[in-house]
Structures are given as C-alpha cells and as structure tokens.
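Here is the structure we will look at.
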Amino acid sequence: MRRALPIFVVLAGLLVAIAIANPYFLEPPAFLAFVKRAAPLVILAAGQYFVIVSGEFDLSVGSLVTAEVVIAARLIDGSATATWPVLALLIVLGLLTGLVNGTVTTLLRVPSFITTLGMLLILSGAIFLWTGGAPRGALSPQFRELGRGSLGPVPWSVFILVAVAAAAICAMRAGFGHTLIATGDNDRAAALSGVRVARVRTVAFMISGLSAAVAAILLGGFAGVSAQVGQGLEFQAITAVVLGGVALGGGRGSVVAAMAGAFTLEALFTLLNLYGISGAVEPAVQGVIIIAAVALGAVSLPRRRAAAAS
C-alpha cells in the first residue's frame, strides 16, 4: 500500500481543487453523482489491471462495451421481459470474448497487443455491419435503472462498483492473485514453480471481458444507446492503471491503486471541464501519462534489479 500512496495523494489534491472550483461538489448528492460517472471506468480499470499485471494488454474493451450496448438495445427493444435474459447474455459475451482473447494469446502465442487489437476491429466492424452505423432498438426502463437509478440516495452503480472492488481485492489476496503477479513478473520462473501460466492469463482476460460487460450495462443505463459509447475507453482504462503505479510489463502494482487511478483520471477531467478547458485535451493528457509512466518504469527498473542483486 505504500507504493499506492502517491496516487491517493494526487486524488485528494484533485478533489480539493474541484471543491474549491465548485463548493457543492463535496455535498453527498454531487459527490455520489461523481462516483456514478466514474464507476464504469473504475470497473474497466480493475479488469484491465488483471491483464496488465499478468504481463499482457487488452485493447478490445472499448469496442466490447459498444457492442454490448448496441446488442442489448437491439434484443431488448424496450421489452421489460427481455431485460434479465439479455443481461445474462451480455455477461456471457464478455466472458466469451475474454476467453477468445486469452486462448489466442496463450495457446497460439499471438502477442496480446495484436490479438486484442484484432478483436477491437472485429467487434467494431461486426457492429457497423449489423447496424449500418445507426444502432436500432431501445433499452428497457429496467435496464436503464441500473445505470441511472438509485436505492434511496445511493445510485445502483455505486453498489455495483463496491461489489466489483471487493471481489477484485479478494481475488488478488487469494492464491490466484499471487500466481497472477508471479506470472507477470517472470512467467518462465512461475511455470517452473508449477503455475499454469496459460490458464492464469486466460482467466485474467476473462475477468477483463466481464468488467467490460458490467461497464457496458452501467453506461447503457446512464448514457443510452450510441455507436460511440465505448470509444476510447480502452485507452482510458490503461491510462488509469498506469496512473495507479502498475507496471506495464507486469508483476507489480495494486488493484486498489489501479481503481484509484481511474478515479483520479475522472477527477482530472472533471476539473478541466470546470475550468472550461476543451475535452479535446483529454487524449493528450492520457498520452502524457502513459509516456511518463513507461519512462519512469524504464528508469527505476535497473535500480530495483541492482538492489535485488545486492
């Protein structure tokens, strides 16, 4: 947790800056609205963390989110009775996409960057072909309740976020988490010690696909149906993870810090918006964060290896 401290300090500073710009921000309704907006990205970052800490990448989550929202709208088409079967189908599709990504990466030995980039293009092309570029159908009120509704003063998305965060933390504290980090740190040594590297990494991709399905459900409820609903989310999730101090090469980092990185990124975007800075700056900010994180890792890695050798 000591390594995760800097991101919490940065997050606290951004929240204070937002509160100065908007004194109502720290009141419960406004703060819960902020958490509700951030919830899909935080969930995506948690899923992306499992893949990155294992030494891989998942670039397909943004297109998977879009595909799931479009599929849900087409299949539900406003029908309340179709809501829960379609929700179950979305979860299965997320897991299946992760399974395909993991299998191609581990068994066929295609680099995950190429595998998931290919999956991104396949999903984007398939959805465009199916809809002609204009999504059809409608989400039912019951579906949208999950993204925009609440139980009393607390939005449903906050409850879902807490459940996902608790599950992610428990998974990383269990034996699976230790083998996942060992795999990302040195997959050959992990394999020699009895870790089934292919299976561990495939499960990580499936968790990422599951997180994309949950994020799609929340985004569909909150933002509605759009062919651009998931555009760029894969890069935001990766940015959030590296902002949380997780090494892009794998083997180091905390899932709590990765989720804090997503909150920090959302807080930064909120602050920029409050000061009237164009949203076009956001991709540039993400690019700077990723380059800086990789550069910092490249500088500190030789020092850690020298310290370990001594």
- Please name the residue in the list V164, L44, V42, V51 that meets the side-chain contact (heavy atoms from CB on, under 4.5 Å) test with S211. L44
- Do you know which of V10, L14, L243, L11 makes side-chain contact (heavy atoms from CB on, under 4.5 Å) with L268? L14
- Presence of salt bridge, D77 and R136, under 4.0 angstrom: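 Judged by the 4.0 Å cut-off on N to carboxylate O distance, R136 and D77 do not form a salt bridge.
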Roughly how far, to the nearest 0.5 Å, is the [atom2] atom of [Y] from the [atom1] atom of [X]?
| X | Y | atom1 | atom2 | answer |
| --- | --- | --- | --- | --- |
| I160 | L218 | CD1 | CG | 4.5 Å |
| L87 | L75 | CG | CG | 11.0 Å |
| R201 | E56 | CZ | CD | 4.5 Å |
| I18 | F25 | CD1 | CZ | 4.5 Å |
| I91 | L96 | CD1 | CG | 13.0 Å |
| T97 | L123 | OG1 | CG | 6.0 Å |

- Parallel, tilted or perpendicular, as decided by the 30° and 60° cut-offs, for the rings of F263 and F34: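 Rings of F34 and F263: tilted, 30 to 60°.
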Considering only heavy atoms from C-beta outward, does the side chain of [X] approach that of [Y] to under 4.5 Å?
| X | Y | result |
| --- | --- | --- |
| W130 | R74 | yes |
| F31 | Y24 | no |
| I207 | L95 | no |
| E234 | F57 | no |
| P155 | L32 | yes |
| V246 | V242 | no |

Could you check whether atom [atom1] of [X] has more than 12 heavy atoms from other residues, nucleotides or ligands sitting under 6.0 Å from it?
| X | atom1 | value |
| --- | --- | --- |
| W84 | CH2 | no |
| E145 | CD | yes |
| F128 | CZ | no |

Identify the heavy atoms of [X] and [Y] that sit nearest to each other, and give their distance.
| X | Y | answer |
| --- | --- | --- |
| V225 | V69 | CA-CG1, 4.0 Å |
| V61 | Q48 | CG2-NE2, 4.0 Å |
| A267 | L15 | CB-CD2, 4.4 Å |
| F222 | R144 | O-NH2, 3.8 Å |
| R148 | G221 | NE-O, 3.3 Å |

Hydrogens and angles aside, do [X] and [Y] bring a side-chain donor and acceptor to less than 3.5 Å of each other?
| X | Y | result |
| --- | --- | --- |
| N101 | S60 | yes |
| S124 | S63 | no |
| T116 | D58 | no |

- Item | Test item: T105 side-chain N/O and G102 main-chain N/O as donor-acceptor pair under 3.5 Å | no
